[in-house]
Amino acid sequence: MKSKEHFLKHQERAKKKKAAEARAAGKSAEREDGVLLNFDALNDRHTNSVMIAARNTYLEEVAHPMFKILKENGEAVTHGCENNQDINYGHPVHRIGLKEQPLVYYAHPESKSGSTGNGAQKEEILSERFDSGTQFYKVVGLSHIPPELQKEKLSPLLLDGLRKFRCPRAPETLLEAILYDMTGPSLGFQLHAMAVTEPYDENVLCSGALNVTGFLYNHYRMAIESGYQLDLTEHGLHHVGAMFEHLMSGGGGLYEA
């Protein structure tokens, strides 16, 4: 098992690399020098065939079907839509720069897709990261998905998937935690899924989170983002950045928490 020192050194290497890239591009490296945790380093998770199979099954049975439901019901805008060349990036309906608006987005021409809980903040960050010619559009406005669609189709599909991929209980030993992590999605994902699907019991650690604001929403956001990335891949678009990190990343639990 790798030591704490190993991961701290990995963090330092990743931070220095990011800072060097920023300086080489003529940008300030203040953010990279001062960041506490670098997600690229957290995203380094060695996988085996069982872990990869679990990820692929979740994507095929949960994430991609959820995004297809949104497309079929007119709740998604994507390059896979008919006449996608006519997308008006400047139209207000496609803006991502909306304060405190949770959404899935696409950045052009960098081919960067992702999700955020605050569109305005994400647009500011991406505008600094890329050049001034970058344009964005809102793929799915998560706060605008009709309640009926959530209740009748999306939530049952998502909750059934979370029950399938959750850990049976919160691990009580380090060995148990490692075994869960080696036989499915990231331990962070499994714990989060367990918390959402386990009815509240004061004697059960990590239970009852379905009634806590934001817990189910996090799974909605990440599942729809992953489904969108699969949709882009189907239509031959190249990706920039990590994909499906909530399933495979060692930082998935930290991100979702």
Side-chain angles (χ1 to χ4, degrees), residues 37 39 42-43 45 50-51 53-70 73 75 100-104 114-118 140-228 244-257:
L37 290 174
F39 192 78
L42 289 173
N43 201 36
R45 179 176 184 246
V50 177
M51 297 152 76
R55 178 201 68 180
N56 292 343
T57 303
Y58 172 87
L59 293 172
E60 293 167 4
E61 295 183 359
V62 182
H64 206 183
M66 285 183 68
F67 189 76
K68 287 180 178 178
I69 289 172
L70 290 169
N73 286 270
E75 297 297 329
E100 298 178 359
Q101 283 287 320
L103 50 87
V104 176
S115 64
T116 178
N118 188 320
V140 177
L142 296 173
S143 59
H144 298 147
I145 300 174
E148 297 79 12
L149 187 61
Q150 295 182 46
K151 182 178 179 180
E152 296 173 7
K153 294 185 177 181
L154 295 172
S155 291
L157 174 60
L158 178 58
L159 287 169
D160 284 346
L162 296 180
R163 292 185 187 100
K164 181 174 181 177
F165 293 98
R166 53 164 279 183
C167 50
R169 66 177 187 183
E172 298 179 358
T173 65
L174 179 59
L175 177 59
E176 187 177 6
I178 293 171
L179 288 173
Y180 290 159
D181 193 68
M182 292 179 63
T183 56
S186 71
L187 178 61
F189 176 91
Q190 292 188 52
L191 276 171
H192 206 279
M194 178 211 155
V196 170
T197 56
E198 184 74 18
Y200 175 72
D201 185 331
E202 63 181 9
N203 298 312
V204 177
L205 187 65
C206 296
S207 64
L210 185 61
N211 299 318
V212 179
T213 301
F215 270 68
L216 183 61
Y217 153 76
N218 272 339
H219 278 288
Y220 252 90
R221 181 156 68 94
M222 299 308 294
I224 293 171
E225 175 188 337
S226 294
Y228 174 52
F244 322 133
E245 55 261 68
H246 69 301
L247 295 172
M248 302 305 292
S249 170
L254 177 67
Y255 178 82
E256 292 190 307

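Excluded from the calculations below are hydrogen atoms, water molecules and symmetry mates; all remaining heavy atoms, backbone and side chain alike, are included.
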Please answer whether the main-chain N or O of G161 pairs with a side-chain N or O of E61 as donor and acceptor at a distance below 3.5 Å.
no

So, do M66 and S226 sit near enough that their side-chain heavy atoms are less than 4.5 Å apart?
no

Distance in Å, N56 CG paired with H64 NE2, rounded so as to fall on 0.5 Å steps
13.0 Å

Stepwise side chain to side chain contact (heavy atoms under 4.5 Å, CB included) check, R55 with F165
CA-CA 9 Å; R55 178 201 68 180; F165 293 98; over 6 Å; no

So which heavy atom on L187 is nearest to which on Y180, and how close?
CD1-CB, 3.9 Å

Closest non-hydrogen contact found for A193 with H219 is N-NE2, 3.7 Å

Determine the minimum heavy-atom distance between E75 and H144, stating which atoms define it.
OE1-O, 3.8 Å

Ignoring hydrogens, what is the shortest heavy-atom contact between G141 and L103? Give both atom names and the distance.
CA-CB, 4.4 Å

Between F67 and Y228, what is the ring plane arrangement, given parallel below 30°, perpendicular above 60°, and tilted in between?
tilted

When rounded to the nearest 0.5 angstrom, what distance separates CG in L154 from CD1 in I145?
6.0 Å

Nearest-0.5 Å distance that lies between atom CE in M51 and atom CG in D181:
5.0 Å

Does the S207 side chain pair with the main chain of D201, one donor and one acceptor, at a distance under 3.5 Å?
yes

Return yes if some donor-acceptor pair links the side-chain N/O of S155 with the main-chain N/O of Q150 below 3.5 Å, else return no.
yes

As an exercise, state the distance from OG1 of T173 to CG of L179, rounded to the nearest 0.5 Å.
7.5 Å

Are K164 and Y58 packed together at the side-chain level, in the sense that at least one heavy-atom pair is separated by less than 4.5 angstrom?
no

To the nearest 0.5 Å, atom CG of L162 lies from atom CG of L210 at 9.5 Å

Which atom of M194 lies closest to which atom of R169, heavy atoms considered
SD-C, 3.6 Å

Drop me the distance from Q190's CD to T183's OG1, to the nearest 0.5 angstrom.
6.0 Å

Answer whether the closest heavy-atom distance between the side chains of N218 and V196 falls below 4.5 Å.
no

Nearest heavy-atom approach of E152 to P156 is O-CG, 3.8 Å

Quick one: are P171 and I178 in side-chain contact, heavy atoms under 4.5 Å?
no

May I ask you to decide if A223's main-chain N or O and R221's side chain share a donor-acceptor pair within less than 3.5 Å?
no

